[in-house]
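This report refers to the structure that appears directly beneath it.
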Amino acid sequence: MIISRIYIFNVLIFQKGPSDVGCNWLISSSAPDHVKVLLAFPRGERQAEVIGLACERLGWYVTEVRDTEEALDQFQARCHEIVIIDRRGRYCQQADEICRALNNIHHQASIIIAIVKKSFFTVSDQDKISTLQVLDNGYNRALIECSSTEIVMNELIGIYANEVQPKLQLAVAHSLYLAVHRCRDMVHVTNDRHFIQFANEVSEKLLGYKLEELLNKNLSEIVICENFTLMNQQLQKGREFHGNMNCKRKSDETIMISSRIIPFCAYGRRPTHYIYIYDTTYLLENVEVTSTSSSHLHPRGSSHSLRSFDIGSVGSDLQRRSSVAKLHNLPLEAPITKVISLLTTAMTDAVSPDVVAQIDKAIEILKTTELYEPYVREADEIFNDPVTSDLIGALISAPQYSRDSRRSSNDSSGRVSQVQRILHQQPLKTMSKSPRAPRDIEILLDGCFNWEFDIFRLELLSGRRPLYYLGMNLMNRYSVPARLNCDERTLQNWLTVIEVNYNVANSYHNSTHAADVLQATARFMESDRLKVLLDPLDEVAALVAAAAHDIDHPGKSSQFLCNAGNKLAILYNDLSVLESHHAALTFRLTLSDEDVNIFKNLDAETYKIVRYNVIDMILATEMTKHFEHLAKFVNVCSIRTEESQSEPFSDPVDSSVLLLPENVSLVKRMMIKCADVSNPTRPLTFCIEWTKRIAEEYFRQTDEEKKKKLPVVMPMFDRSTCSIPKSQIGFIDYIINDMMEAWNAFIDIPEMITYMKQNYEKWKEYNERGISTLQDVERLQQSAELQMPQST
Ligand code: CMP
């Protein structure tokens, strides 16, 4: 009851403003049901019957007692709001005894009434006022005997409204006072000149003053507002003020606390009081002040404290938390601040020091900005193998700042003007008129959805133009021209322009890799899961992104470009350098010519969606974000519905959650990522060829870094010493395995996992056989045990 009333009080005070608090906020003023009445009358008294009847008609409960003992027992058991005692004639002495006994119990909310004869007021001693005599004996009032039930009823209601109810209100006010006195926020109430009228227990603890020292002190001697003028203006207008207060402790130390000040009008129109509420709960979590005379903040339970503080560090910790609290007071709240705030509350309630320490650690971690940036534990096995640590370290860590400002030439300007030239080259024109591919290519492309599709044969048959042929085939299968409302010729031109902007000189990042990623993406989209999840525009965007995702790759990593002070690194501020370039160049080339622009017929809104998706997917291929994308994807995909938990064979993924646009984006990012590094999950001969190509590219980078005296990003990738099998074992262990397992669980292409496991075992075997360098791998490729497959 009291709690709900306190709640009502809070709602009124804190939401509507103090001047709205009326005098009837504690309890209803209408005559209530269930009032408990104690009647102390001798047996058989007619007056008791009349009062009993009146109470019955009011719906009140009556208990009748005869003597003091019985009266005490009943009163203690039921706490009656009204006690009526027969004080007429010979019962007077007994009545006074009962009244005294009840008063000794000190039940402030009850009202004790004496029933007296009419003559009581008239015949008594002329010098004495009869009512005073009643009051002196401990009664609250006297009521003249009356035989009319109606009159008694009306009297009782009047007594309830005017005497019982204010007492109940006062009792609740006492509870509120106790609540404010004991609450974890510091509270001060001042008069309109800011002299302290009330300070709760926490002020004593936190500020180091005794309550007597605080009362009647001008608050401005202790509490200084950062923006005093604004505060005063607001308060005088009767408005709440929120801000940081610098609270000076008795020890002279200052603590900044996020606070609010509420003006309160007890009467009239101008504020008569100010209520200062300081957000100090979080401070008390960290400090314990043992005595009011102490001027120090002590660490919680010094001997078994979770952290150790000195006063200075407490001060800064308090300030830091104060600003976190301030952040939490903002109307806009990010999910992460909400989580931190929930954990902080959980820490407040936790009793076990271990739990408190764990939550505290969790909060510290959540406060770091790079939540998904992995770090490798020093003790991890990854450090056992330098090749693995070099490769994984280089792939997942963002470029380090380098003071080296040398530049290498990777100028892509002028590419747009190339588009015209490319478009008007004779072979292309001929091809545009005859979109049919040569017969052997067509036969090969019939199997373009197989996971064993031979991309290297297509590279060979197409004269190193696999992206064009595979792209035309797959994009037609996915009705890209129809979905984009462009003609097939524009698509041919687009694929041609994209393909020629891949560097043929790169051993790995060339248009064959783009075609391979495109093929994997198309294969993934054939799965039942993705057919349901992706809409036609998603599919188009995915194919476009896959085809263009590494366009104009220089064959060097972003880290290399940053170290070399390359133009692209300068342009993109060392952030996602290559991926930003791939995405930006894709659109620059696409929009540069009407004959190339596959998006030209889309309305503005659709174009915006496709553009967003293409960029988002290309950016997702950045390996420094690998663990972030994987973690987010796994989080969503491991959401289970309640039904599915009880049915072991049902689909564990909650499709209603998956269909949320942000989750579809996670899936699309994972799709292009898996396609991008799917080479270890392809049949062994392809896997080895890809490995040879990427290793060659890494080696060329190392060669160039050494030649140009740049920092060597992966020193172990030196062509004379690097163990290629070891690099693949590490790559599968740390990057590929978990991601492909998660992806396969989602879209069900088990052959990926089968090949990945077979390849992994093979790399282990090759390692044991002493196969290490590129030459060793090339010899292996020529050997009888491994022949590059000639057809699918
Ligand atoms: P990129 O295509 O930019 O993004 C994925 C990266 O993974 C790729 O560059 C390579 O650096 C790396 N990668 C892909 N395949 C292999 C592999 N088989 N061995 C080692 N690294 C690889």
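Just so you know, residue 1 is the first one in the sequence shown, and it goes up from there. Quick caveat, the model's predicted, so the values are computed rather than measured.
- Of the inter-residue distances, the one linking T590 atom OG1 with R611 atom CZ reads 10.0 Å to the nearest 0.5 angstrom.
- Listed for the W451 side chain is a donor-acceptor partner under 3.5 Å among the backbone atoms of T681.
- With contacts defined as side-chain heavy-atom distances shorter than 4.5 Å, the pair F449/R477 qualifies.
- D390 places a side-chain N or O within 3.5 Å of a backbone atom of M716 that can act as its donor or acceptor partner.
- Residues satisfying the salt bridge (charged side-chain N to carboxylate O under 4.0 Å, His left out) criterion with D550, sequence neighbours excluded, are absent altogether.
- The two residues A547 and I498 have their closest heavy-atom pair at O-CG2, 3.8 Å.
- Under the ring-ring contact (aromatic ring centres under 6.0 Å, His included) criterion, F587 pairs with F599, not counting sequence neighbours.
- N501 places a side-chain N or O within 3.5 Å of a backbone atom of V497 that can act as its donor or acceptor partner.
- Minimum interatomic distance between I441 and S462 (heavy atoms only, all atoms of both residues): CD1-CA, 3.9 Å.
- Atom-to-atom distance recorded for T624:OG1 and L575:CG is 9.5 Å, nearest 0.5 angstrom.
- With sequence neighbours left out, the ring-ring contact (aromatic ring centres under 6.0 Å, His included) criterion links W743 to F524, F633, F746.
- With sequence neighbours left out, the side chain to side chain contact (heavy atoms under 4.5 Å, CB included) criterion links T754 to Q758.
- Ion pairing of D748 with R529 is absent here, as no side-chain N (NZ or NE/NH1/NH2) approaches a carboxylate O to less than 4.0 Å.
- Side-chain atoms of S720 and T773, non-hydrogen and from C-beta on, never get closer than 4.5 Å to each other.
- By the side chain to side chain donor-acceptor pair (under 3.5 Å) test, R700 is found to be paired with E696, residues two or more places apart in sequence or in another chain being considered.
- Taking CZ from R523 and CD from E452, the interatomic distance works out to 9.5 Å, rounded to the nearest 0.5 Å.
- The backbone N or O of Y502 lies less than 3.5 Å from no partner atom in the side chain of D552, so there is not a single donor-acceptor pair.
- Residues Q701 and E705 bring a donor and an acceptor atom of their side chains to less than 3.5 Å of each other.
- Here Y612 pairs with D616, R669 under the side chain to side chain contact (heavy atoms under 4.5 Å, CB included) rule; sequence neighbours left out.
- Here the straight-line distance linking atom CG of L561 with atom CG of L571 works out to 11.5 Å at 0.5 Å rounding.
- By the side chain to side chain contact (heavy atoms under 4.5 Å, CB included) test, S772 is found to be paired with S723, D776, residues two or more places apart in sequence or in another chain being considered.
- Panel note: side chain D440, backbone L461; no donor-acceptor pair is recorded below 3.5 Å.
- Under the rule for a side chain to side chain donor-acceptor pair (under 3.5 Å), the partners of E765 that lie at least two apart in sequence or sit in another chain are K762, R769.
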* Evaluate side chain to side chain contact (heavy atoms under 4.5 Å, CB included) for V540 paired with V480, printing each intermediate quantity in order. => CA-CA 6 Å; V540 170; V480 171; 4.2 Å; yes
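- With E704 as the fixed residue, the salt bridge (Lys or Arg N to Asp or Glu O under 4.0 Å) test singles out one of K707, K706, K708: K708.
- Note: L533 CG to E539 CD = 10.5 Å, rounded to the nearest 0.5 Å.
- For D516 and R682, the salt-bridge test passes: some basic side-chain N is under 4.0 Å from an acidic carboxylate O.
- Residues Y760 and D733 have side chains in contact (heavy-atom distance under 4.5 Å, counting atoms from C-beta outward).
- In terms of the side chain to side chain donor-acceptor pair (under 3.5 Å) criterion, N737 has no residue partners (sequence neighbours excluded).
- Contact annotation: the side chain of N613 never approaches that of L537 to less than 4.5 Å [non-hydrogen atoms, C-beta and beyond].
- Contact of the C687 side chain with the W763 side chain is registered, since non-hydrogen atoms from C-beta on lie closer than 4.5 Å.
- Y468 carries R465 over the face of its six-membered ring, with the cationic atom under 6.0 Å from the centre and within 45° of the normal.
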Show the atom names and distances, to 0.1 Å, of all donor-acceptor pairs under 3.5 Å that link a side chain in residues 724-731 to residues at least two apart or in another chain.
unit_1 : atom_1 : unit_2 : atom_2 : d
S727   : OG     : I724   : O      : 2.7
Q728   : OE1    : T691   : OG1    : 3.4

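- Nearest heavy-atom pair, L470 versus A515, reported as atom, atom and distance to 0.1 Å: CD2-O, 3.1 Å.
- Remark: E689 does not engage R457 in a salt bridge, criterion side-chain N to carboxylate O under 4.0 Å.
- L780 approaches S783 most closely through the heavy-atom pair O-OG, 2.5 Å.
- Put simply, the side chain of N566 never gets that close to the backbone of C562: no donor and acceptor are under 3.5 Å apart.
- Between E697 and R693 there is no salt bridge, since none of the side-chain N atoms of the basic residue sits less than 4.0 Å from a carboxylate O of the acidic one.
- Side-chain contact check for N663 versus L660: some heavy-atom pair is nearer than 4.5 Å.
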Indicate every side-chain donor-acceptor pair of residues 671-678 with a distance under 3.5 Å to a residue at least two apart or in another chain.
unit_1 : atom_1 : unit_2 : atom_2 : d
K673   : NZ     : H626   : ND1    : 2.9
D676   : OD1    : H513   : NE2    : 3.0
D676   : OD1    : H549   : NE2    : 3.1
S678   : OG     : A675   : O      : 3.0

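- Side-chain N or O atoms of D454 include one that pairs as donor or acceptor with a backbone N or O of F456 at under 3.5 Å.
- Defined by atom type and a distance below 3.5 Å, a donor-acceptor pair is missing between the side-chain atoms of D354 and Q358.
- Counting heavy atoms from C-beta on, the side chains of Y698 and C722 never come closer than 4.5 Å.
- Judged purely by distance below 3.5 Å, without hydrogens or angles, the side chains of E526 and Y478 pair a donor atom with an acceptor atom.
- The CG atom of L543 sits 10.0 Å away from atom CG of L495, with the distance rounded to the nearest 0.5 Å.
- Within the 3.5 Å criterion, the main-chain N or O of L467 finds no donor-acceptor partner in the side chain of S511.
- Looking at H509 and N503, their side chains never bring a donor and an acceptor atom within 3.5 Å of each other.
- For the pair A362 and L343, the tightest heavy-atom approach, listed with the atom from each and the gap, is CB-CD1, 4.4 Å.
- By the side chain to side chain donor-acceptor pair (under 3.5 Å) test, K361 pairs with no residue at all, sequence neighbours left out.
- Each of E499, R464, E459 was evaluated against T512; a single residue qualifies, E459, per the side-chain hydrogen bond (donor to acceptor under 3.5 Å, both in side chains) test.
- Distance alone, capped at 3.5 Å, places no donor-acceptor pair between the Q519 side chain and the A514 backbone.
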* **Residues W494, L589; criterion side chain to side chain contact (heavy atoms under 4.5 Å, CB included); working and verdict** => CA-CA 8 Å; W494 185 82; L589 294 172; over 6 Å; no
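- In the model, S557 has no side-chain atom that pairs as donor or acceptor with a side-chain atom of Q559 under 3.5 Å.
- Side-chain contact between E622 and S576 is present, with at least one heavy-atom pair separated by less than 4.5 Å.
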